[in-house]
Amino acid sequence: MYRSVLVGNLWTDPGGRLWLFFNQSMMQFDGRSGVWAAVCETPDAAEPVWSLPRRIWHGFTLNKPTVLSTGEWLLPVSLNPKGFGPFEGAFAALDPLRGANLFVSRDQGATWTRHGHLQFPNPTWDEHMTVELKDGRLWMLARTTTGLMQSFSSDRGRSWGAPSKPGIEHPVARFHVRRLASGELLLIKHGETIGTHEGRAKLTAWLSADDGATWRGGLMLDERTGISYPDGFQAPDGFIYISYDRNRATDGEILFAKFTEADVLAGKLVTPESRLKNLISRPLKRRQ
């Protein structure tokens with residue numbers, strides 16, 4: 001029996017510190033797992049120094065925190081429905097807490113408190129993300145076995161409304177949604193249109209000026225199959241960087257796309273410095 005680190009996420013907080021959130025579990029999932037965090041105060045130093053990791057709670061964190069207009073930080077933490085293999089049924093006392101959890105920090109990450117919780121129907125890994133809408137509500141999107149589902153909160157994430165379908169068709173896979181500096185929402189999904197998908201293929205970028213009511217653009221980041229797990233950020237110069245994997249069980253490639261909002265709206269690269277299908281890493285030997 002082994003201990004594994006399954007998922008992680010890097011995030012630069014408003015103060016410029018670099019955070020690494022990661023998960024540790026016995027084997028793939030032992031029914032509890034744990035979210036850990038380490039912080040680098042000087043990420044641009046020649047020899048960056050990291051704090052000792054500390055455990056925040058159970059579960060997994062795949063996505064970055066959301067900074068609210070109040071200054072609060074919301075961290076998405078998913079606690080899976082049940083453990084795998086020899087751990088099936090383990091930690092039954094945690095069953096009422098399973099699902100999409102949110103943790104809040106009001107002191108720039110010094111402490112984290114469990115803040116809100118929602119159990120989506122037909123749950124899987126959740127992989128939920130939350131954005132603050134212009135009317136003050138929070139909008140949560142989550143992965144389920146029937147595709148994306150959504151919920152809204154009017155009390156800053158303490159309670160959530162009944163889950164519903166958002167009108168975004170997507171496979172059982174990770175997605176990405178964030179607020180850009182311009183105020184637009186950025187959505188990274190599979191499919192040539194908002195209402196279609198062909199599985200884990202055709203990764204596209206979309207923009208919304210009306211908080212997700214309608215979507216514009218449709219920049220094809222990678223048209224191939226075996227594409228999954230987009231994540232990213234917007235740099236201070238406005239460029240958007242999205243990383244993703246390709247054929248993780250064989251080729252094991254990690255790639256990234258660099259583009260602008262103008263590229264998304266045009267549906268093609270119109271910015272000279274934009275680039276698609278940039279290779280970050282691959283195994284030295286192809287997996288068999």
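In this text, all values refer to a predicted model and were calculated from it rather than measured experimentally.
- Counting heavy atoms from C-beta on, the side chains of Trp19 and Leu10 never come closer than 4.5 Å.
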Under 3.5 Å, side-chain donor or acceptor atoms of residues 38-46 against the rest of the protein: list the pairs with distances, not counting sequence neighbours.
none

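- Counting only heavy atoms from C-beta outward, the side chains of Leu79 and Trp57 approach each other to under 4.5 Å.
- Side-chain contact between Trp125 and Phe60 is present, with at least one heavy-atom pair separated by less than 4.5 Å.
- Under the 4.5 Å side-chain heavy-atom criterion for Ile, Leu, Val, Met, Phe, Trp and Tyr, Leu186 and Tyr241 are members of distinct hydrophobic clusters.
- Side-chain atoms of Asn9 come within 3.5 Å of backbone N or O of Leu62 as a donor-acceptor pair.
- At least one donor-acceptor pair closer than 3.5 Å links the side chain of Gln119 to the backbone N or O of Arg98.
- Note: Asp263 CG to Thr271 OG1 = 3.5 Å, rounded to the nearest 0.5 Å.
- Within the 4.5 Å cutoff, the side chain of Leu180 has heavy atoms near those of the Glu261 side chain.
- Taking the side chain as every heavy atom from C-beta outward, Pro65 and Phe21 approach each other to under 4.5 Å.
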Report the C-alpha separation of Arg248 and Ser228 in whole Å, then their side-chain angles, then the decisive distance to 0.1 Å, and conclude whether the side-chain contact (heavy atoms from CB on, under 4.5 Å) test is met.
CA-CA 9 Å; Arg248 64 176 65 172; Ser228 63; 3.0 Å; yes
Please walk me through it: do Ser208 and Trp206 pass side-chain hydrogen bond (donor to acceptor under 3.5 Å, both in side chains)?
CA-CA 7 Å; Ser208 176; Trp206 303 83; over 6 Å; no
Applying side-chain contact (heavy atoms from CB on, under 4.5 Å) to Thr61 and Phe103, what does each step give before you reach the verdict?
CA-CA 11 Å; Thr61 288; Phe103 276 67; over 6 Å; no
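- Hydrophobic clustering of Ile, Leu, Val, Met, Phe, Trp and Tyr side chains at less than 4.5 Å, counting indirect connections, keeps Ile188 apart from Met220.
- Looking only at distances, no side-chain donor or acceptor of Asn247 sits under 3.5 Å from a matching main-chain atom of Thr250.
- Between Arg174 and Asp231, at least one side-chain nitrogen of the basic residue sits less than 4.0 Å from a carboxylate oxygen of the acidic one, meeting the salt-bridge criterion.
- Taken from CG in Leu187 to CG in Leu141, the straight-line distance is 7.5 Å, to the nearest 0.5 Å.
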Applying side-chain contact (heavy atoms from CB on, under 4.5 Å) to Thr196 and Glu169, what does each step give before you reach the verdict?
CA-CA 5 Å; Thr196 63; Glu169 292 299 322; 5.6 Å; no
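- In this structure, the side chain of Arg275 engages the main chain of Pro272 through a donor-acceptor pair within 3.5 Å.
- Under the 4.5 Å side-chain criterion, counting only non-hydrogen atoms from C-beta, Met26 is not in contact with Pro86.
- Applying the ring-ring contact (aromatic ring centres under 6.0 Å, His included) definition to pairs two or more places apart or across chains, those involving residues 174-193 are His170-His190.
- Pairs of residues two or more places apart, or lying in two chains, never qualify as ring-ring contact (aromatic ring centres under 6.0 Å, His included) while including a residue from residues 244-276.
- Think of Leu138 as one node in a network of Ile, Leu, Val, Met, Phe, Trp and Tyr side chains linked at under 4.5 Å; its network also takes in Leu68, Leu74, Leu102, Val104, Leu118, Phe120, Met140, Met149, Trp160.
- In this structure, the separation between CG on Asp126 and CG on Asn101 is 8.5 Å, given to the nearest 0.5 Å.
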Step by step, work out the side-chain contact (heavy atoms from CB on, under 4.5 Å) result for Thr146 and Lys165.
CA-CA 10 Å; Thr146 59; Lys165 289 286 188 178; 3.4 Å; yes
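- Without hydrogens or angle criteria, Thr225 side chain to Ala201 main chain gives no donor-acceptor distance under 3.5 Å.
- One finds the CE atom of Met129 at 11.5 Å from the CG atom of Leu148 (value rounded to the nearest 0.5 Å).
- Using a cutoff of 4.0 Å between basic side-chain nitrogens and carboxylate oxygens, Glu223 and Lys277 are scored as salt-bridged.
- Leu52 CG: 12 or fewer foreign heavy atoms inside a 6.0 Å radius.
- By the rule that hydrophobic residues join a cluster once side-chain heavy atoms approach within less than 4.5 Å of another member, Leu185 and Leu207 end up as members of separate clusters.
- Residues in residues 114-125 take part in no salt bridge (Lys or Arg N to Asp or Glu O under 4.0 Å) pair, two or more places apart or across chains.
- The only option from Arg178, Arg216, Arg179 that meets the salt bridge (charged side-chain N to carboxylate O under 4.0 Å, His left out) definition with Glu184 turns out to be Arg216.
- Chaining together hydrophobic side chains whose heavy atoms lie under 4.5 Å apart leaves Leu284 on its own.
- Comment: Arg32 does not engage Asp30 in a salt bridge, judged by the lack of any side-chain N to carboxylate O separation of less than 4.0 angstrom.
- In the hydrophobic clustering of ILVMFWY residues, with side-chain heavy atoms under 4.5 Å counting as a link, Val177 and Leu203 come out apart.
- For Arg158 and Asp155, the salt-bridge test fails: no basic side-chain N is under 4.0 Å from an acidic carboxylate O.
- Ser164 and Gln150 share a side-chain donor-acceptor pair at under 3.5 Å.
- Note on Lys258 versus Glu273: no salt bridge recorded, every NZ/NE/NH1/NH2 to OD/OE distance being 4.0 Å or above.
- Using a 4.5 Å cut-off on side-chain heavy atoms (C-beta onward), Asp251 and Arg282 make no contact.
- Between the CG atom of Asn63 and the CD atom of Glu127 there is a distance of 7.0 Å, given to the nearest 0.5 Å.
- A side-chain donor-acceptor contact under 3.5 Å links Arg55 and His58.
- With rounding to the nearest 0.5 Å, the separation of CZ in Phe84 from CD in Gln28 is 5.0 Å.
- Clustering ILVMFWY residues whenever any of their side-chain heavy atoms sit less than 4.5 angstrom apart, transitively, puts Ile242 in a cluster other than the one holding Tyr229.
- Between Leu255 and Arg246, the closest side-chain pair of non-hydrogen atoms falls below 4.5 Å.
- Between the side chains of Ser69 and Glu132, a donor-acceptor pair is found at a separation under 3.5 Å.
- When all heavy atoms are compared, the tightest approach of Ser4 to Tyr2 is CB-CE1, 3.9 Å.
- Judged purely by atom type and a 3.5 angstrom limit, Asn80 has no side-chain atom pairing as donor or acceptor with the backbone of Lys82.
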